[in-house]
Amino acid sequence: MSGSQSENVRDWTNTIVLFSTPILATFFVPYLWIQNGGFSAFEWSCFAFFMVATGTGITAGYHRLWSHKAYDANVLVRLWYAYWGACATHNSIIQWSADHRRHHKFVDHLEKDPYSAKKGFWWAHMGWILERPFDDQVDLSNVKDLEKDWVVVWQEKLYLPLLIISNILVPLGIGWLYHQTAGQGSVYGVLVLAGLLRFVLNHHFTFFINSACHFFGNQPYNIKDTSRDNFLLALFTYGEGYHNYHHTFQADYRNGICWYHFDPTKWITKALSWIGFTWNLKKVPECQIQKQKIMNKMNIAKAQLYERLDVPQNQSVYQKIEQAYKDFTQTMNEWMEAENKFSRFCRERRSTIEKEPYMLKLRLLKKSIEQQKEQLQKIFQTSDMDALLAY
Ligand SMILES: [Zn+2]
Ligand SMILES: [Zn+2]
């Protein structure tokens, strides 16, 4: 399902598929339910399996593995994600990644971000999929690297047959086998649940990442774009709800960075690394994350102060605050540099004598950060211009 730029026309295939499948599911799920006196545990298990497999095919495969190269994976993992990604029917790996990389590069741009949240919730959710470029030319120049992966090329060639096999033939085959061997359920039970209902729910759960994750939640890491962190959305999106973190540090294989964050995509990737199926899992250093979080808080407080008191009008106060902010930024940078160097020394198992000066430096820097942070916070909380002049 292709992205869109300035001159678009209605994409009738996508429009018909995306509107007819919810209608068909609303009719056929209750119809079969009534006809067969409910669905069996096996049929519901197939539904659950297809939900997770297609969902993580997009989040772990299309998104973190291919679009962001946040880790490497062996051929079995890549084939698995390519198959279930095709079943999810969110376009091929190449086309999906091209749109997604543009989303990150030009986030919120009205023309260049394919699913810009600035064009409204509906557009970001699925409006953009219902249209396609007038000339049918999708720009794939930003995904040339992916063509080196034969699994990606193979999936691109066989996308349509894979889509039909995985969405219709396989569920129908499983349903038929189950009906034949267990002698219960309908031949169409698995097709309706794991095929049709899953198709609709998986689409909208994944669409939430582009829509709701840019509208609802908080912004602990940056306020430069509309991305949000939202725990509730993480539950539906296999961990992708920590979207503000992801937009700030897109190469990290994790989206939820704390142990208590609900991020099954991260857990699966980590678990696969224990058996050697995935490797080179990229992680942003803790000090960099901390720095980003603190600076973001400071930026918000500073902007609020400027708005409250119209500080830029008073040049002497403005310069004073900007200087204090600059000094603090510099101390934070020095701290990050020292932390990085110290952890490198630890990794290289350097002697305590070599590490000692850095440990001392880090202690001093941390103290200085606390003092400067306290001072800045006092300034940013002021509601009186005279008090600012006194600082
Ligand atoms: Zn986003
Ligand atoms: Zn992303």
Side-chain angles (χ1 to χ4, degrees), residues 1 3-5 55-73 81 85 88 90-129 140 142-143 145-146 152 203-234 236-257 261 263-266 268-269 281-284 289 292 296:
M1 298 190 172
S4 58
Q5 297 297 314
T56 52
I58 298 297
T59 63
Y62 275 41
H63 188 213
R64 300 190 202 181
L65 172 66
W66 282 300
S67 293
H68 292 297
K69 303 199 141 189
Y71 63 96
D72 292 315
Y81 288 149
H90 287 283
N91 222 336
S92 66
I93 298 162
I94 291 238
Q95 308 224 0
W96 195 97
S97 302
D99 280 332
H100 192 70
R101 285 180 183 181
R102 263 199 300 280
H103 168 61
H104 275 273
K105 193 172 176 191
F106 303 109
V107 62
D108 294 332
H109 191 286
L110 287 174
E111 290 300 324
K112 293 178 180 170
D113 176 356
Y115 26 93
S116 171
K118 295 271 178 184
K119 288 172 90 169
F121 188 93
W122 171 252
W123 176 266
H125 191 70
M126 61 186 281
W128 71 281
I129 304 164
L140 299 176
N142 61 348
V143 283
D145 57 307
L146 295 181
V152 174
H203 263 144
H204 289 279
F205 284 4
T206 314
F207 294 165
F208 274 141
I209 303 164
N210 299 334
S211 57
C213 288
H214 278 266
F215 283 88
F216 311 114
N218 49 16
Q219 299 184 293
Y221 301 99
N222 93 77
I223 49 164
K224 288 186 194 137
D225 60 55
T226 55
S227 63
R228 302 277 200 278
D229 269 14
N230 189 315
F231 162 74
L232 273 179
L233 287 165
F236 295 100
T237 56
Y238 308 92
E240 304 275 74
Y242 306 96
H243 206 53
N244 188 244
Y245 178 81
H246 175 61
H247 267 276
T248 314
F249 300 111
Q250 55 173 293
D252 200 317
Y253 88 98
R254 311 161 301 170
N255 275 14
I257 51 167
H261 283 168
D263 188 356
T265 305
K266 169 185 79 177
I268 291 167
T269 309
L281 276 54
K282 294 189 185 97
K283 242 169 121 172
V284 175
I289 299 170
Q292 184 67 31
N296 186 49

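First listed ligand is number 1; within each ligand, the first listed atom is number 1. As the structure is a prediction and not an experimental result, all values here were calculated from the model. Below, each value reflects all heavy atoms present in this structure, side chains not excepted, and no hydrogens, waters or symmetry copies.
- Remark: D229 pairs with no residue by the salt bridge (charged side-chain N to carboxylate O under 4.0 Å, His left out) rule, at least two apart or across chains.
- Note on ring orientation: taking the six-membered ring where Trp is involved, the planes of F208 and F205 are parallel (angle under 30°, cut-offs 30° and 60°).
- Shortest distance from the Zn ion (ligand 2) to H100 is reached at NE2 (N/O/S atoms only).
- Checked for salt-bridge contact, R64 and E240 meet the test: a charged N lies under 4.0 Å from a carboxylate O.
- Looking at every heavy atom in both residues, H63 comes nearest to H246 through NE2-NE2, 2.9 Å.
- Within the structure, the salt bridge (charged side-chain N to carboxylate O under 4.0 Å, His left out) test picks out the following pairs touching residues 244-256 (sequence neighbours left out): D252-R254.
- Taking the salt bridge (charged side-chain N to carboxylate O under 4.0 Å, His left out) definition, one finds that K69 meets it with D145, sequence neighbours left out.
- Distances from the Zn ion (ligand 1) under 2.8 Å pick out these protein N/O/S atoms: H103 NE2, H214 NE2, H243 NE2, H247 NE2.
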